2 protein chains.
Amino acid sequence: MAGRAAVPEVIWARPERTGRGPKPAFTRADIAAAAVRIADAEGLDGVTMRHVAAELGCGTMSLYNYVPRKEDLYELMIDAIGAEHEMFEPTGDWRADMLRNAEETRAIMHRHTWAPRLMAGVFGFSPNTLRYLEHCLACLEPLDVPAGTKTELVALLNGVVTTYTGNAIATAERARSMPWSAEEENAVRMAYLGGQIATGAYPRLAAAFMEQSGPVDLEAVFRRALERVLDAFDPELR
Amino acid sequence: MAGRAAVPEVIWARPERTGRGPKPAFTRADIAAAAVRIADAEGLDGVTMRHVAAELGCGTMSLYNYVPRKEDLYELMIDAIGAEHEMFEPTGDWRADMLRNAEETRAIMHRHTWAPRLMAGVFGFSPNTLRYLEHCLACLEPLDVPAGTKTELVALLNGVVTTYTGNAIATAERARSMPWSAEEENAVRMAYLGGQIATGAYPRLAAAFMEQSGPVDLEAVFRRALERVLDAFDPELR
DNA sequence: GCGCACTACGTACGTTGTACGTAACTAGGA
DNA sequence: TCCTAGTTACGTACAACGTACGTAGTGCGC
């Protein structure tokens, strides 16, 4: 009975150990840690079943005892970095707390640049994701809106963080497997953009580019976006 | 001299035709259309170089004359569906216009369910992307904020649309290559979530779930998110 | 203590992106 | 006008991927 299940399966629902047979050599945490280590060092494309198995020191196919599909390995990775969230005691200032949560998410993603790409595609109700969601709801206790609105706030804020951080990181991550640097690629793209603007086909876009002096401060743009999202949920501002 | 360039390259910067040699059999539009057709019918994973070439009726490697890397094929696809934007005459009501733009983006993504996955990763300054950005800036003409703020609005709004639509679509798209339906997978995930909530480990999350009666109206959630983002940029509300 | 569920993992298959080599073709410079 | 250099076309080949399958060994529960 080695076949793969013909029915959907959530890896978190399957018990890590079922009393029978030899003791497993690794825990899920071991496997997740190995995969994260590789992704950090070599990028997400370095995370192959063979490579993770080698990192653990076991045969490739042994991995499939723990992880039925590669996608589940990704879920393990997301859950693993979810543990890096600090889950601090809420201060009573929901805005400040949520801002802190968002900044922390961003920091985690910068530590693990492959995270945005993964999070965009996975539904993700892993244990640590749930704990983080619960933590956010705790921070939002002082906010006087329906619970449903609070989850919408968390979702929207997370989405914005992922999008912004993901975009900021995407070029760097992609450049990893290329024979050129992220700066070089960026320069080429900007040169092309400049050329297009110079054609006069995009007057308003041109004006927007002329307006700014010096390079864009992505950090500030990100922070402004967060503030705006929080504004949109603040009853005192409406 | 068949080697690939050792320097970053933007496909849009390379001329489609350089007077020398035999006439190319296809245009970039042909290729993009073929790839889009396949992705619509079989999902993004169906878009392989071999498959696209077969759809065009040429040898696999001939494709590489037009598209140096597969990633560039993706850029072609994104640009192609960008042409589906309506670029209507701005009405003078920037909120209504931007709402319409966002709804249109969402509609396009629902027509091409692979789009969110692609857009998340690509920097994207394709011709049609630029035209759409210019169109948005035209719609935002009546809004009295700096041009930089306007581009931030467009970016944020687009990010929210992509995130929300992408999440809504992700499960369906993934289920395509699996032996089970999206509904089945969703049911299993929800069952797991219910079980977790029932443990009492996530009291606030549990409360949020008990609060809602019936299934979530994703459409309404999406629309509320849009309104909130627009609110956040509306000077009259601050 | 017996049997069965489980772990371990080597082998093998189908598929992917794409490097490389070769043949055919055509526009510009002589 | 012819020559030649740059293009197009595409078959072959390779390395790497996810993973199905089979077999051997292990140890818990009855």
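Note on naming: letters A, B, ... go to the chains in the order of the sequence lines (proteins, then strands), and numbering restarts at 1 for each one. Worth saying up front: this structure is predicted, and the values here are computed from it rather than measured.
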Given D/dT8, is OP1 or OP2 found less than 4.0 Å from the side-chain N or O atoms of B/Y66?
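Negative; the distance criterion is not met.
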Would you please confirm or rule out a distance under 4.0 Å between OP1 or OP2 of C/dT7 and any side-chain N or O of A/S62?
no
Can you name the closest pair of heavy atoms from A/R204 and B/E134 and give their distance?
N-OE2, 2.9 Å
Could you tell me if A/S62 and A/N65 have a donor-acceptor pair between their side chains, going purely by distance under 3.5 Å?
no
Are B/R117 and B/D45 ion-paired here, with the side-chain N under 4.0 Å from a carboxylate O?
yes
Between B/R189 and A/E75 (salt bridge meaning N to carboxylate O under 4.0 Å), is one present in this structure?
yes
Just the table, please: protein N/O against nucleotides 26-30 of chain D N/O, every pair under 3.5 Å.
unit_1 : atom_1 : unit_2 : atom_2 : d
D/dC28 : O4'    : A/G19  : O      : 3.4
D/dC28 : O3'    : A/G19  : O      : 3.1
D/dC28 : O2     : A/R20  : NE     : 3.2

Side chain of A/E152, backbone of B/A225: donor and acceptor closer than 3.5 Å?
no
Is the side chain of B/D72 donor-acceptor paired with the backbone N or O of B/V67 at a distance under 3.5 Å, no angle test?
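A pair under 3.5 Å: no.
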[atom1] of [X] versus [atom2] of [N]: gap in Å, rounded?
X     : N      : atom1 : atom2 : result
B/L63 : C/dA19 : CG    : P     : 14 Å
A/R69 : D/dA20 : CZ    : P     : 10 Å
A/I31 : C/dT7  : CD1   : P     : 11 Å
B/R14 : D/dG6  : CZ    : P     : 16 Å
B/N65 : C/dT18 : CG    : C1'   : 13 Å

CD of B/E84 to CE of B/M109: how many Å apart, nearest 0.5 Å?
11.5 Å
Would you tabulate the nitrogen or oxygen pairs shorter than 3.5 Å linking the protein to nucleotides 11-18 of chain D?
unit_1 : atom_1 : unit_2 : atom_2 : d
D/dG18 : OP1    : A/K70  : NZ     : 2.7
D/dG18 : OP2    : A/M49  : N      : 3.1
D/dG18 : N7     : A/R50  : NH2    : 2.6
D/dG18 : O6     : A/R50  : NH2    : 2.9

How are the rings of B/H85 and B/Y132 set relative to one another: parallel (under 30°), tilted (30 to 60°) or perpendicular (over 60°)?
parallel
Do A/H112 and A/L118 have side-chain heavy atoms sitting under 4.5 Å apart?
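SC-SC contact between A/H112 and A/L118 ruled out.
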Under 4.0 angstrom, heavy atoms only, what part of the nucleic acid is A/A25 near: base, sugar-phosphate, or nothing?
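Sugar-phosphate contact only - A/A25 comes under 4.0 Å of backbone atoms but never of a base.
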